[in-house]
Amino acid sequence: ETGVTQSPTHLIKTRGQQVTLRCSSQSGHNTVSWYQQALGQGPQFIFQYYREEENGRGNFPPRFSGLQFPNYSSELNVNALELDDSALYLCASSYGTGGRLAYTFGSGTRLTVV
Amino acid sequence: TQLLEQSPQFLSIQEGENLTVYCNSSSVFSSLQWYRQEPGEGPVLLVTVVTGGEVKKLKRLTFQFGDARKDSSLHITAAQPGDTGLYLCAGAPPAGGYQKVTFGTGTKLQVIP
């Protein structure tokens with residue numbers, strides 16, 4: 001059973017550029033949730049994808065968008081990058097969307113915007 | 001918006017000491033989870049509590065869910081350097097269908113040998 005894999009692990013982008021982060025969910029999981037985590041703080045919910053559809057969104061602007069593919073892997077796209085977008089981006093997979101489920105997290109992508 | 005406040009925010013203790021981390025909210029949760037995160041890694045699930053008043057033990061870690069399901073605590077007995085990390089609580093609201101798991105503000109623990 002493979003875990004959650006995120007790529008790339010680190011990324012440096014310039015303000016105004018666009019970025020795509022990727023996540024392969026754990027085998028058997030059909031739901032992917034994306035979180036943004038500032039240093040030393042708790043993760044903030046960006047959005048969730050279930051069966052290839054967005055299934056809930058946090059307080060993030062539309063320039064944060066995503067996709068989920070038939071194999072349940074997912075992408076997070078951020079347009080017009082701002083300095084404040086610098087953070088650790090975490091992907092978590094699960095089976096179903098209920099709150100009692102256990103999330104399996106990837107190791108994250110550390111994005112630095114300069 | 002459901003908020004989860006954790007206290008303390010930072011904790012530095014000597015090996016062998018006991019500690020308690022608190023997770024508080026004004027909202028009711030259907031379940032609450034505790035995660036530990038090490039630098040450069042994603043959070044790893046430690047436990048899920050579901051019933052008000054529930055107590056779960058994981059070796060030297062004891063987790064309790066408040067009777068009203070609005071708060072939780074994590075107690076570590078005889079802390080060891082390997083316990084060092086960021087501890088996060090996360091709650092799910094009582095609702096059917098889509099549920100957004102909300103994370104707490106985090107408690108950074110350092111255990112000094």
Partner chain B: residue of Pro43(A), Gly108(A), Gly106(A) with the largest heavy-atom pair count (under 4.5 Å)
Pro43(A)
Which bit of Gln37(A) is near chain B, if near means a heavy-atom gap under 4.5 Å: side chain, backbone, both or neither?
side chain
Aromatic rings Phe63(B) and Trp34(B): how do their planes relate, parallel, tilted or perpendicular, breaks at 30° and 60°?
tilted
I need the residue from Gln37(B), Gln9(B), Gln6(B) with the largest number of non-hydrogen atom pairs under 4.5 Å to chain A.
Gln37(B)
Pair Arg15(A) + Asp84(A): basic N to acidic O under 4.0 Å
no
Any ion pair linking Asp83(B) and Arg60(B) (charged N to carboxylate O, less than 4.0 Å)?
yes
Of the backbone (N, CA, C, O) and the side chain (C-beta and beyond), which part of Leu88(A) lies under 4.5 Å from a heavy atom of chain B, both, or neither?
side chain
Please verify the inter-ring angle class for Tyr35(A) with Phe105(A); under 30° counts as parallel, over 60° as perpendicular, anything in between as tilted.
tilted
